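Any value given below was found using the heavy atoms of this structure, including those in side chains, with hydrogens, waters and symmetry copies removed. So that the names make sense, note that chain A is the first sequence line, chain B the second, and so on, each numbered from 1. As the structure is a computational prediction, the values presented were derived from the model and not from experiment.
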Number of protein chains: 4
Amino acid sequence: MTIIIKDLDTKKRLFDSAAKVFAKKGFDKATVDEIADYAGVAKGTIYYYFRGKEELFLFLMEEGMERLRLRIESKINDADEIAYSLGKIIDIHVDFVKENSDLCIILLSEAWGISARQERLQDMLDKYYSIVGKFIDAGIAQKVIRPMDKGVIAASLFGITTVAAQHFLRKKDAFDWDPVNSQIREILLRGILVD
Amino acid sequence: MTIIIKDLDTKKRLFDSAAKVFAKKGFDKATVDEIADYAGVAKGTIYYYFRGKEELFLFLMEEGMERLRLRIESKINDADEIAYSLGKIIDIHVDFVKENSDLCIILLSEAWGISARQERLQDMLDKYYSIVGKFIDAGIAQKVIRPMDKGVIAASLFGITTVAAQHFLRKKDAFDWDPVNSQIREILLRGILVD
Amino acid sequence: MTIIIKDLDTKKRLFDSAAKVFAKKGFDKATVDEIADYAGVAKGTIYYYFRGKEELFLFLMEEGMERLRLRIESKINDADEIAYSLGKIIDIHVDFVKENSDLCIILLSEAWGISARQERLQDMLDKYYSIVGKFIDAGIAQKVIRPMDKGVIAASLFGITTVAAQHFLRKKDAFDWDPVNSQIREILLRGILVD
Amino acid sequence: MTIIIKDLDTKKRLFDSAAKVFAKKGFDKATVDEIADYAGVAKGTIYYYFRGKEELFLFLMEEGMERLRLRIESKINDADEIAYSLGKIIDIHVDFVKENSDLCIILLSEAWGISARQERLQDMLDKYYSIVGKFIDAGIAQKVIRPMDKGVIAASLFGITTVAAQHFLRKKDAFDWDPVNSQIREILLRGILVD
DNA sequence: GATGAATGAGAGTTCATTCAT
DNA sequence: CATGAATGAACTCTCATTCAT
């Protein structure tokens with residue numbers, strides 16, 4: 001029992017530590033040493049749980065994306081109106097960026113480009129797009145959303161929330177998220193919904 | 001004379017080579033060796049023209065941002081209507097992403113995070129925001145744009161264009177940019193303009 | 001009782017596993033993990049039975065050398081003619097290489113060089129030389145073997161059998177050992193016996 | 001000019017240093033650090049000249065084998081009698097082991113086993129066998145050598161010279177090589193030539 | 001008897017940078 | 001102007017060993 005707890009403990013500590021360090025430094029500048037230090041374990045321990053730096057990173061990303069997906073799917077009721085659901089998705093998204101800023105910074109900084117790893121990150125983005133895409137399709141079918149390219153809409157949703165949220169995250173001072181949240185929602189909804 | 005021409009020549013070659021390699025690999029994974037190879041010069045030559053890898057990179061970024069700024073300022077007439085100008089800015093922006101995808105990929109991948117260099121990139125983003133911000137302020141004053149936080153709008157503009165443009169850039173096949181362009185414009189303008 | 005049987009069992013499994021892995025990878029490239037995996041025990045178990053990798057290895061080598069020594073001494077009758085005994089030694093030797101190729105590969109690959117462990121392996125070679133040397137001395141005394149340096153003869157015997165046997169072992173296809181065996185014997189005996 | 005000399009100088013120093021260290025420690029135990037130290041260059045320099053430790057090692061081996069091949073082919077006159085040529089080959093071989101003991105120790109210690117690199121070393125052994133094999137074929141055709149398997153003879157030649165020479169090399173004290181040389185030759189020639 | 005999570009010293013390798021030419 | 005041999009600090013990863021259970 002204790003073993004399992006310790007095990008989970010170590011992996012959890014590694015997860016948090018990696019998120020922090022990767023977010024602060026980016027994948028390449030982050031060192032395994034620093035991640036280990038921050039987690040309070042020996043360097044070798046990381047290699048006991050993960051095959052290497054790359055795998056630790058990917059694990060982190062997939063885990064994060066999964067959380068976002070789970071949250072969206074659990075909070076959205078298929079019976080709700082599309083317009084309402086879309087507004088809720090935006091809220092969830094902004095909240096997620098707010099709560100998991102480390103993860104989101106990493107995603108933003110590493111998801112572009114075209115190398116091998118990035119393809120796997122692109123896959124995650126695609127998965128995300130497909131989650132959101134479902135609602136967009138429904139919205140268009142119900143003539144709630146104007147007939148536009150699904151990709152443009154999904155990318156806009158992702159781009160506007162993360163970049164804008166990021167923009168405010170940079171300022172150290174606490175500030176009121178509510179107006180940001182509602183403004184982002186307003187821009188997007190007005191932009192895509194039929195009058 | 002010849003010397004000057006050769007000089008320009010070499011520096012130009014280095015600029016293009018660096019843009020390609022940085023875009024393909026990202027700052028950290030790109031090596032000075034590869035940039036030199038690609039430019040057809042010896043590694044030492046880079047250090048003749050730039051103080052180091054970092055400076056070459058920053059030179060590239062600033063040059064790129066300057067180009068965007070220049071283009072916006074030269075094509076926008078202060079006498080024009082705000083709504084018209086904003087639409088034009090979006091067009092210019094999308095065109096710029098399309099034409100300078102290398103540069104934009106770098107910007108997207110290196111502009112996030114908080115390390116030393118990134119602060120300098122953030123400064124660039126801020127500079128960009130301020131260019132756009134001028135029009136937004138004017139728009140709000142003229143009650144053409146709804147009263148919103150300037151930052152949210154600027155970030156939305158940047159986020160939506162780059163992420164969406166990027167999204168389509170990933171697909172190898174040529175495709176028609178016009179609808180993408182107009183849809184992005186539509187989303188944004190509807191989102192921020194008063195009815 | 002059960003405990004003792006399990007004990008023997010585990011040690012025996014470790015012995016076989018170590019022989020396989022050391023032969024396949026050499027001492028340095030072989031990992032304790034792999035040996036444990038192959039034996040179907042946990043890594044820690046090896047340290048329960050042996051002080052470490054080095055000791056496991058030496059145990060293996062000494063065990064192997066002892067087997068060869070035992071076999072030679074048990075099959076050779078001091079009353080026999082020297083020439084006959086030498087021929088028999090060669091046969092035994094070739095058979096041993098054939099039957100214990102794993103062990104011999106290790107011996108061949110680790111016995112050279114001058115590091116600490118290798119000195120212990122050299123001791124084994126010396127012990128082997130002394131076993132064979134007894135017969136060589138006797139042969140020279142009886143004027144059956146031409147008066148030559150004992151070391152040259154013993155090294156020749158060892159070199160010719162192991163290298164030649166090894167040479168044929170490399171070929172995957174089964175082939176007839178008898179002629180190889182007799183040819184090796186012929187070369188050596190003609191080479192060292194008086195006419 | 002100076003550059004070329006320095007270049008050759010560095011590579012030559014690396015060659016000698018690598019031979020010494022590999023011979024003393026074996027491939028795995030030898031460290032790149034030690035090789036660099038011994039050569040009086042920085043560790044990175046090795047990677048300027050060779051792709052890695054492995055390549056440095058293979059370069060060493062191939063260079064060594066080539067030297068032996070060259071020496072045999074340059075000193076052997078096809079017009080000479082086979083028996084005489086074979087004797088000479090043995091002499092050359094023993095001399096070579098004597099003069100290049102470092103190289104030979106490495107060859108003996110790394111040529112056995114079955115891993116990837118070893119296959120490349122086996123290729124070298126095969127090349128060597130083919131050089132010697134030419135003379136053995138001729139000898140058998142001329143009925144100077146008794147009709148035996150060519151492989152057995154070549155392996156015997158290689159095994160007996162290297163192992164025996166090695167055996168004496170281990171003793172630090174200088175000693176007279178001539179009798180060793182002639183005894184090895186005698187064993188082999190008597191063993192394979194017709195009466 | 002046996003386990004396996006955790007360790008940490010030490011290895012091979014990369015690469016931005018320097019400098020004599 | 002331009003070179004490229006040489007550097008060395010810093011990095012990722014390996015693995016024999018320990019020890020609490």
Side-chain angles (χ1 to χ4, degrees), chain A residues 1-4 6-7 9-11 28-36 39-56, chain B residues 2-4 6-7 9-11 28-36 40-56, chain C residues 2-4 6-7 9-11 28-36 40-56, chain D residues 1-4 6-7 9-11 14 28-36 39-54 56:
Chain A
M1 232 245 276
T2 330
I3 293 169
I4 293 174
K6 270 185 91 177
D7 179 9
D9 228 41
T10 302
K11 216 170 178 180
D28 290 297
K29 286 266 192 335
T31 70
V32 175
D33 267 295
E34 195 178 351
I35 295 171
V41 300
K43 200 202 316 213
T45 305
I46 289 182
Y47 291 87
Y48 187 78
Y49 286 97
F50 303 94
R51 202 157 298 169
K53 189 187 181 184
E54 188 82 22
E55 196 181 286
L56 171 54
Chain B
T2 331
I3 293 168
I4 293 174
K6 271 185 88 178
D7 179 9
D9 225 42
T10 302
K11 215 169 177 180
D28 289 297
K29 287 254 176 20
T31 68
V32 176
D33 266 295
E34 194 177 353
I35 294 171
V41 300
K43 201 197 324 207
T45 306
I46 288 181
Y47 289 86
Y48 186 80
Y49 286 98
F50 302 94
R51 195 156 307 163
K53 188 188 184 184
E54 188 82 22
E55 197 183 283
L56 171 55
Chain C
T2 330
I3 294 168
I4 293 174
K6 273 184 88 178
D7 179 9
D9 226 42
T10 302
K11 215 169 178 180
D28 290 296
K29 288 255 177 20
T31 69
V32 175
D33 266 293
E34 194 177 353
I35 295 171
V41 300
K43 201 197 325 207
T45 307
I46 288 181
Y47 290 84
Y48 185 80
Y49 287 98
F50 302 93
R51 194 156 308 166
K53 189 187 183 187
E54 189 82 23
E55 195 181 286
L56 171 55
Chain D
M1 239 246 268
T2 330
I3 293 168
I4 294 172
K6 271 185 90 178
D7 179 9
D9 228 42
T10 303
K11 215 171 179 181
L14 247 21
D28 290 298
K29 286 268 191 338
T31 70
V32 175
D33 267 296
E34 195 177 353
I35 295 172
V41 300
K43 201 198 319 208
T45 305
I46 288 181
Y47 290 87
Y48 186 78
Y49 287 98
F50 302 94
R51 200 158 299 170
K53 189 186 181 184
E54 187 84 21
L56 171 55

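For the atom pair B:D33 CG and B:I46 CD1, the distance stands at 8.5 Å (nearest 0.5 Å). Rounding to the nearest 0.5 Å places OG1 of A:T31 at 5.0 Å from CD of A:E34.
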Next item on the list: Whenever both distances are under 3.5 Å in a Watson-Crick or G-U wobble pair, mark it; put DNA chain F into dot-bracket that way, with [ ] for crossing pairs and | when the partner is on another strand.
Entry: .||||||||||||||||||||

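Closest-nucleotide positions on DNA chain F for B:T45 and D:A42 were compared, and the one nearer the 5' end corresponds to B:T45. Position along DNA chain F of the nearest nucleotide to A:R51 versus D:I46 favours D:I46 as the more 5'-ward residue. For the pair B:G52 and D:G52, both in contact range of DNA chain E, the more 5′-proximal nearest nucleotide belongs to D:G52.
One atom, CD1 of A:I35, and another, C1' of F:dT12, lie 11 Å apart when rounded to the nearest Å. Distance CD (C:E54) to C1' (F:dC15): 15 Å, rounded to an integer number of Å. One interatomic measurement links the two molecules: CG of D:D9 to P of F:dG4, which rounds to 20 Å at whole-angstrom precision. One can place CD of B:E34 at 14 Å from P of E:dT14, the figure rounded to the nearest angstrom. What separates CZ of A:F50 from P of F:dT14 is a distance of 15 Å, to the nearest Å. The interatomic distance linking A:E55 (CD) with F:dC13 (P) rounds to 11 Å, in whole Å. The interatomic distance linking B:Y49 (OH) with E:dA16 (P) rounds to 20 Å, in whole Å.
In this structure a side-chain-to-backbone donor-acceptor pair under 3.5 Å is missing from C:K29 to D:D28.
Taking each heavy atom of A:A36 and A:K43 in turn, the nearest pair found is CB-CA, 3.8 Å.
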Next item on the list: Output, in order, the C-alpha distance, side-chain angles, deciding distance and verdict of side-chain contact (heavy atoms from CB on, under 4.5 Å) for D:L56 and D:V32.
Entry: CA-CA 10 Å; D:L56 171 55; D:V32 175; over 6 Å; no

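Remark: D:K11 is positioned above the aromatic ring of D:F50, its terminal NZ or CZ atom under 6.0 angstrom from the ring centre and at most 45 degrees off the axis.
For C:Y47, a side-chain nitrogen or oxygen approaches OP1 or OP2 of F:dT17 to under 4.0 Å.
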Can you tabulate the close N/O pairs, meaning under 3.5 Å, that link protein atoms to atoms of nucleotides 9-11 of chain E?
from   : atom 1 : to    : atom 2 : distance (Å)
E:dG10 : O6     : A:K43 : NZ     : 3.4

